[in-house]
Undergrad: 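Sending over a structure as structure tokens; questions will come in a sec.
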Amino acid sequence: MASESVTDAPVRRDQAVRAAVEQGLLTGAEPVVCLLDVAGIRASAAALHAAFEAVTRPGTTVLHAFAVKAAPLVPVLRLLSAAGIGCEVASAGELALARAAGVLPSRTVLDSPAKTPGELREALALGIAVNADSAQELARLDAFVPTAPAGPPLGLRVNPQIGGGSIGALSTATATSKFGVALRDEGARAWVVRTYRERPWLTRLHTHTGSQGVPLELMAQGVREVYELAEEINAAVGHRQVDTLDIGGGLPVNFASDDETPTFSEYARLLADTVPGLFDGRYGLVTEFGRSLLAKHGTVVARVEYAKTSGGRPIAVTHAGVQLATRTVFAPASWPLRIAAYDAKGRPKAGPAVPQDVAGPACFAADLLAESRPLPLLEQGDLVAVLDTGAYYFANPFAYNSLARPGVHGFTTSPDDPGRGVRFATVRTPQTLDEIVAESGGAHSDALLDTRTT
Ligand SMILES: *Cc1c(COP(=O)(O)O)cnc(C)c1O
């Protein structure tokens, strides 16, 4: 089953918030911290493996590669790697993180619509699988492939152009998406088949139909399109040249409750129903899930610095805002987040629900995590927990107002021994003021004064 972990997750979260206060993680100087539930992450990794094992013919090669952009944190990549999950990277930076986490090249996949010649050459030299995004990128690979000693698997990303989901910004299979080779454009399909015939080293096909907001059925349809294309290519070349299908990620996350739905097994079963040939052992598989592996396991805990009212509306001014929940602040209708109220000691706060705004610290009016949200009335010194923020939230901070990137702590609880309590491990230290100055040009403070020509 895919979601055993969820029954305990809210309990573990409450324990962790309380322990964060008791163990002094939250201080005056550090009024916001980010927590990661290690047991939850492990359970999601295990659920992903089990879901695909249940539908895949034994002996099939399956690489689950975590989409690093969802949580670009080295200890997280290493934890996932220990749980048998590789990395999908889309920049030199993400590749460096995967390498720092010790993820093997053979368990790393490079995607991105804008790979430079240097990135392509490095990937080939290291033996990292690459999915080319365009005809021009393939032309670059043409020049590099004969000299690459390691010979990693290479593929082409295609866009089945089957339409988008409810969040346009994350829909990658629309008619005019910037990603991949647009398969339904005139002549494109024939071009793809010819391209594979001319390049025997192209052995993979890749698609990623979208992320949050794309219905499961549409994702499965995208995978079916890529499977059918592989069959067509292999029939045209007369042998099994395409031997691996990379089906991307995109499983949506439930941001409305603690239920983990849909599950990896629901998606795997839907794929097995929609594309039966996918799992019969003729194709190796790569997946690239991000949000669905991490989102439910992250919590931002922030102190309410002030409580005030404005126009009769109660407002809790906290230290969690746009720097941690960028998408929610800029697109609140698409990215609502749950918020839980705790008292100053980290105990769940009770009381009648009062509609109130939960605001962040940044200097613009829309820096709100929730508007008119019914919660027990928050007071100065209370805590708010911003839930389901383990993917694409605190891991992807935004430098507005030079707000420091907060520290990230993994936590484990001992259910059999509550006395031993919660243990924290540092995943990322909070950014220091010196680091903020340094990354803001601090070493070049005179640079613009010296404007004489040289
Ligand atoms: C972002 C991305 C993913 C991961 O998407 P999730 O919705 O986080 O699962 C996978 N593959 C590619 C190519 C991506 O761009």
Undergrad: Answer yes or no: is there an ion pair linking D388 with R338, defined by an N-O contact shorter than 4.0 Å?
TA: yes
Undergrad: To the nearest 0.5 angstrom, please state how far the CG atom of L73 sits from the CG atom of L36.
TA: 7.0 Å
Undergrad: Carefully, step by step, assess K296 and S44 under the rule side-chain contact (heavy atoms from CB on, under 4.5 Å).
TA: CA-CA 9 Å; K296 302 300 279 185; S44 284; over 6 Å; no
Undergrad: Are side-chain N/O atoms of Y393 and T328 paired as donor and acceptor at under 3.5 Å?
TA: yes
Undergrad: Under the 3.5 angstrom rule, does the side chain of N401 hit a backbone N or O of L403 as a donor-acceptor pair?
TA: no
Undergrad: Would you compute the distance between atom OG of S134 and atom NZ of K178 and round it to the nearest 0.5 angstrom?
TA: 12.5 Å
Undergrad: Regarding H208 and E288, is there a side-chain donor-to-acceptor distance under 3.5 Å anywhere?
TA: no
Undergrad: Would you check if the side chain of E22 reaches a backbone N or O of V17 as a donor-acceptor pair within less than 3.5 Å?
TA: no
Undergrad: Under the 3.5 angstrom rule, does the side chain of D37 hit a backbone N or O of G40 as a donor-acceptor pair?
TA: yes
Undergrad: When you check the side-chain N and O atoms of T263 and E266, is any donor under 3.5 Å from an acceptor?
TA: yes
Undergrad: If I compare all heavy atoms of V226 with all of L205, which pair ends up nearest, and what's the gap?
TA: O-CD1, 3.6 Å
Undergrad: Is there a donor-acceptor contact under 3.5 Å linking the side chains of N254 and D259?
TA: no
Undergrad: Can you tell me how far apart CZ (R347) and CG (L383) are? Round to the nearest 0.5 Å.
TA: 11.0 Å
Undergrad: Output the distance between atom OG1 (T207) and atom CG (D246), rounded to the nearest 0.5 Å.
TA: 9.0 Å
Undergrad: For the side chain of D343 and the backbone of K349, is there at least one donor-acceptor N/O pair under 3.5 Å apart?
TA: no
Undergrad: Report all side-chain donor-acceptor pairs from residues 360-368 shorter than 3.5 Å, counting only partners two or more places apart or in another chain.
TA:
{"from": "D367", "atom 1": "OD1", "to": "V322", "atom 2": "N", "distance (Å)": "2.6"}
{"from": "D367", "atom 1": "OD2", "to": "A362", "atom 2": "N", "distance (Å)": "2.7"}

Undergrad: Show the nearest heavy-atom pair for residues R12 and T413, with the distance to one decimal.
TA: CD-OG1, 3.5 Å
Undergrad: Thinking salt bridges, do R405 and E435 make one under a 4.0 Å N-O criterion?
TA: no
Undergrad: Return yes if some donor-acceptor pair links the side-chain N/O of T318 with the main-chain N/O of A302 below 3.5 Å, else return no.
TA: no
Undergrad: Strictly distance-based, threshold 3.5 Å: is any side-chain N or O of T389 a donor or acceptor partner for the main-chain N or O of G298?
TA: yes
Undergrad: Can you tell whether the side chains of R13 and D258 come within less than 4.0 Å, N to carboxylate O?
TA: yes
Undergrad: Taking all non-hydrogen atoms of both residues into account, name the closest pair between R373 and I339 and its distance.
TA: NH1-N, 3.5 Å
Undergrad: Short question: side chain of Q161, backbone of T174 - any donor-acceptor pair under 3.5 Å?
TA: no
Undergrad: Between the side chains of K69 and E94, is the shortest nitrogen-to-carboxylate-oxygen separation below 4.0 Å, so that they form an ion pair?
TA: no
Undergrad: I'd like to know if the side chain of D382 reaches the main chain of E379, judged simply by a donor and an acceptor atom lying under 3.5 Å from each other, with no hydrogens or angles considered.
TA: yes
Undergrad: Looking at every heavy atom in both A45 and L80, which two are closest together, and how far apart are they?
TA: CB-CD2, 4.4 Å
Undergrad: To the closest 0.5 Å, what do you measure between CG (L156) and CG (L183)?
TA: 9.0 Å
Undergrad: If we ignore hydrogens and angles and just use 3.5 Å, is the side chain of Q356 paired with the main-chain N or O of P314 as donor and acceptor?
TA: no
Undergrad: I'd like to know if the side chain of S81 and the backbone of L77 have a donor-acceptor N/O pair within less than 3.5 Å.
TA: no
Undergrad: Would you say the ring centroid of F52 lies under 6.0 angstrom from that of H64?
TA: yes
Undergrad: Salt bridge (charged side-chain N to carboxylate O under 4.0 Å, His left out): which pairs involve residues 97-110, sequence neighbours left out?
TA: R99-E122
Undergrad: Counting only heavy atoms not in R78, do more than 12 fall under 6.0 Å of its CZ?
TA: no
Undergrad: Do you know the tightest heavy-atom contact between V130 and A123?
TA: CG2-CB, 3.7 Å
Undergrad: Taking 4.0 angstrom as the limit, do R313 and D357 come out as a salt bridge?
TA: yes
